[in-house]
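Note: hydrogens, waters and symmetry copies are ignored here, and every other heavy atom, side chains too, is used. We count residues from 1, following the sequence as given.
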Amino acid sequence: MTDTIETTATVSEASAVENGAALFVPLNKLKKSPRNARKTPHSEAHIEALAASIAAKGMLQNLVVEPETNTDGALTGFYFVTIGEGRRLAQMLRVKRKQIKKSEPIRCVLDTENDATEISLDENVTREAMHPADQFERFRELAENRGWGAEEIAARFGVSAHVVRQRLRLGAVSPKLMQVYRDGGLSLDQLMAFAITEDHDRQEQVYENLSWNRDPSTIRRDLTKMNVAATDRRAIFVGADAYAEAGGTIIRDLFTEDRGGYFEDATLLDRLVIDKLEGIAVQVQAVEGWKWASAHIDFPHAHGMRRSYPHPVDLSEEDAAAYGAAQQDYDRLSSEYEGYEELPDEADRRFGELEAEIERIDAKRHAYDTDEIARGGVFVILNHDGTARIERGFIRAEDEAPKSTDVEGTTITEDGEIVEDEGSGENAEPRPDDEEAEDAGKPLSDLLIRDLTAHRTLGLGLALGEQPDMALVAVVHALAAQTFYRGGEASCLEIRLTSTTLASHADGIEDTPAAKALADRHTGWASDMPRNVADLWDFVGGLDHASLMALLAHCAALAVNAVRVPWEQKPNARAAAEKLASAVTLDMAAHWTPTVQSYLGRVTKAHILNAVREAVGHDAAERIAGLKKPEMAQAAEQLLAGTGWLPSVLRTARPVSRDTKSEAEAFAQAAE
């Protein structure tokens with residue numbers, strides 16, 4: 001090399017070196033040719049890739065150069081790079097990184113005969129790039145035959161490891177589909193969709209079953225419909241690490257945002273969920289003493305069991321003292337730091353401790369009867385957010401207490417009916433010893449009793465209609481008896497309360513914040529109810545007016561059904577639901593938000609764009625109009641967040657006041 005450098009250094013005239021000869025020129029003696037056909041500069045990524053390739057494999061192609069001359073035609077000692085400007089820039093980048101010296105000798109080929117502009121153009125025009133399929137397969141071969149990982153391949157080709165992983169995944173697509181791609185039967189986006197799995201049989205099966213809709217999102221959906229998304233509540237509950245330790249495989253989509261990938265074995269995942277839930281159930285049963293505990297992924301709505309609720313209990317002296325001390329400290333701190341915009345760390349920590357202590361003791365104010373715990377059980381189920389939920393107090397039919405209880409010569413049935421025992425009471429006749437006495441003690445006939453009680457029912461109804469306050473008590477008693485007690489015959493008012501199970505209409509609705517708020521309100525009332533339905537009348541009758549109305553409202557709320565289903569045509573009920581929503585000024589934006597799962601992923605692109613246009617504006621809708629539906633739905637979810645936008649079916653019409661209506665009518669008449 002020293003001889004060559006010396007030879008190069010001694011060249012003082014163009015004729016000294018023949019055309020086509022190879023020579024080594026110091027890098028700092030090479031310049032960009034002013035006659036280079038490429039005017040658009042090379043991208044930084046391309047130069048990075050060339051630099052990495054040269055560092056790993058050396059210069060695979062010589063530069064083509066011509067000598068520079070001054071205005072007098074004399075050689076300057078510099079050379080213009082006619083072909084290979086990108087490689088020259090890559091070497092300059094290596095100098096900048098101190099990988100080589102700026103005087104590094106570069107192998108070049110001298111061309112003094114051809115037109116520099118023409119051969120520069122020729123170099124960039126008369127060539128054909130490798131088909132991407134060949135590139136993908138060659139990357140795969142490097143990994144398999146050389147044992148190179150993505151990082152090492154990336155370093156040798158000047159691309160990111162993520163790009164290498166993408167090419168390796170594409171190279172693993174079924175050879176049959178790769179050939180279809182070569183022949184133009186699949187686009188690159190479609191091929192990337194197939195690369196979500198390495199199962200060739202599955203890839204080919206989905207390809208054969210494709211209809212006219214070959215959108216990449218459809219291909220991904222079909223390939224993963226037997227798998228479980230990492231955002232699924234089951235995957236969140238178990239966790240990727242536990243699933244992998246159990247032998248499960250997670251499929252990753254390297255070409256789109258997959259939010260954690262897909263759990264391939266749904267059966268294994270379900271088993272792990274049940275195992276974990278059962279572990280929690282065993283722990284709850286052991287600690288709390290329930291007769292049984294049952295684990296389920298979904299709440300078994302058709303369990304058919306009666307549910308009991310905790311009842312108020314007095315705190316122990318120890319708990320009462322601890323509660324008082326914690327509340328006193330909390331009040332003292334609140335006064336001390338009143339007006340502070342930001343609490344000191346120590347004070348904030350102390351507030352948290354006191355709040356936790358107060359909540360812990362407050363929870364002891366309500367408890368289940370020991371008898372209910374001994375006969376009842378709990379369901380441990382999976383919440384929509386991937387956490388375990390414990391529902392207590394369910395009593396199986398075979399574990400119910402005896403259906404009647406004798407109290408001072410009477411029998412109180414489970415529904416609260418009081419039946420006098422034969423031969424009891426103040427007016428009870430002695431058991432007859434002869435036929436005449438037996439006739440004297442014979443009860444009234446059923447027909448006569450029916451006749452008399454019919455008249456009594458008429459009178460009772462007439463009287464009740466004249467006393468609205470007592471009618472309110474009777475109605476609330478009838479509704480509460482059906483809402484909080486087993487059986488519906490505890491009231492003489494034939495009012496039937498029916499409650500629709502919304503979980504059968506909307507998956508996961510029972511785990512929403514709105515459902516939890518309703519359940520908490522129900523639990524609060526249930527905790528205050530008397531244990532025996534026979535005492536319910538006195539309880540309801542003893543409520544103040546505000547509490548009575550609140551209980552009525554809660555029972556009525558459980559009977560609301562505004563669900564629209566195609567097989568039921570109830571135009572009047574639908575209209576009443578709209579009027580009710582207006583009357584209570586229902587704002588569904590407080591309970592529902594448009595997400596990919598709840599709305600955007602289930603409607604057309606036109607609906608998505610219309611939603612963004614209404615909530616954010618025309619410009620925002622135009623910005624996402626060119627996206628594919630999955631990406632459009634994701635972008636729309638972010639744009640609509642916090643806007644309060646609702647689809648028309650969830651919107652509430654403003655109630656029209658009498659004055660407003662009159663003004664509107666007057667305006668309409670004036671316009672005619």
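In summary, of the residues considered (I83, V65, N19), a side chain to side chain contact (heavy atoms under 4.5 Å, CB included) with D111 occurs for N19 alone.
Here R574 pairs with nothing under the salt bridge (charged side-chain N to carboxylate O under 4.0 Å, His left out) rule; sequence neighbours left out. In terms of the salt bridge (charged side-chain N to carboxylate O under 4.0 Å, His left out) criterion, residue partners of E141 (sequence neighbours excluded) are, by chain and number, R138. Applying the side-chain contact (heavy atoms from CB on, under 4.5 Å) test to T224 and every residue at least two apart in sequence or in another chain returns I196, N227, Y262. Not counting sequence neighbours, the partners of L27 by the side-chain contact (heavy atoms from CB on, under 4.5 Å) test are L30, R88, Q91, M92, V95, I100, I106. Qualifying salt bridge (charged side-chain N to carboxylate O under 4.0 Å, His left out) partners for R94, counting only residues two or more places apart in sequence or in other chains: none. Remark: H131 engages A133, D134, Y181, R182 in a side-chain contact (heavy atoms from CB on, under 4.5 Å) (not counting sequence neighbours).
Looking at Q203, its side chain does come within 3.5 Å of a backbone N or O of T197 through a donor-acceptor pair. In this structure, the side chain of T249 does not engage the main chain of E264 through any donor-acceptor pair within 3.5 Å. Judged by distance alone, the side chain of E68 and the main-chain N or O of F78 form no donor-acceptor pair under 3.5 Å. Using a distance-only test at 3.5 Å, with no hydrogens or angles considered, a donor-acceptor pair links the side chain of N36 to the main chain of R38. In this structure, T643 contributes its side chain and A615 its backbone to no donor-acceptor pair below 3.5 Å. In this structure a side-chain-to-backbone donor-acceptor pair under 3.5 Å is present from R169 to A195.
Within the cation-pi definition used here (under 6.0 Å to the ring centroid, within 45° of the axis), R167 qualifies as a partner of F139. Cation-pi geometry between K276 and F237 is met: under 6.0 angstrom from the ring centre, within 45 degrees of the axis.
For the atom pair CD (E48) and OG (S43), the distance works out to 9.5 Å, reported to the nearest 0.5 Å.
Below 30°, between 30° and 60°, or above 60°: for F379 and H303 the angle between ring planes is between 30° and 60°, a tilted geometry.
Side-chain atoms of D215 and S217 include a donor-acceptor pair closer than 3.5 Å.
Across every non-hydrogen atom of G260 and I250, the tightest pair is O-CG2, 3.7 Å. Smallest separation of non-hydrogen atoms from I274 and A295: CD1-O, 4.3 Å.
No more than 12 heavy atoms of other residues, nucleotides or ligands lie within 6.0 Å of CD in Q283, so this atom counts as exposed by the packing criterion.
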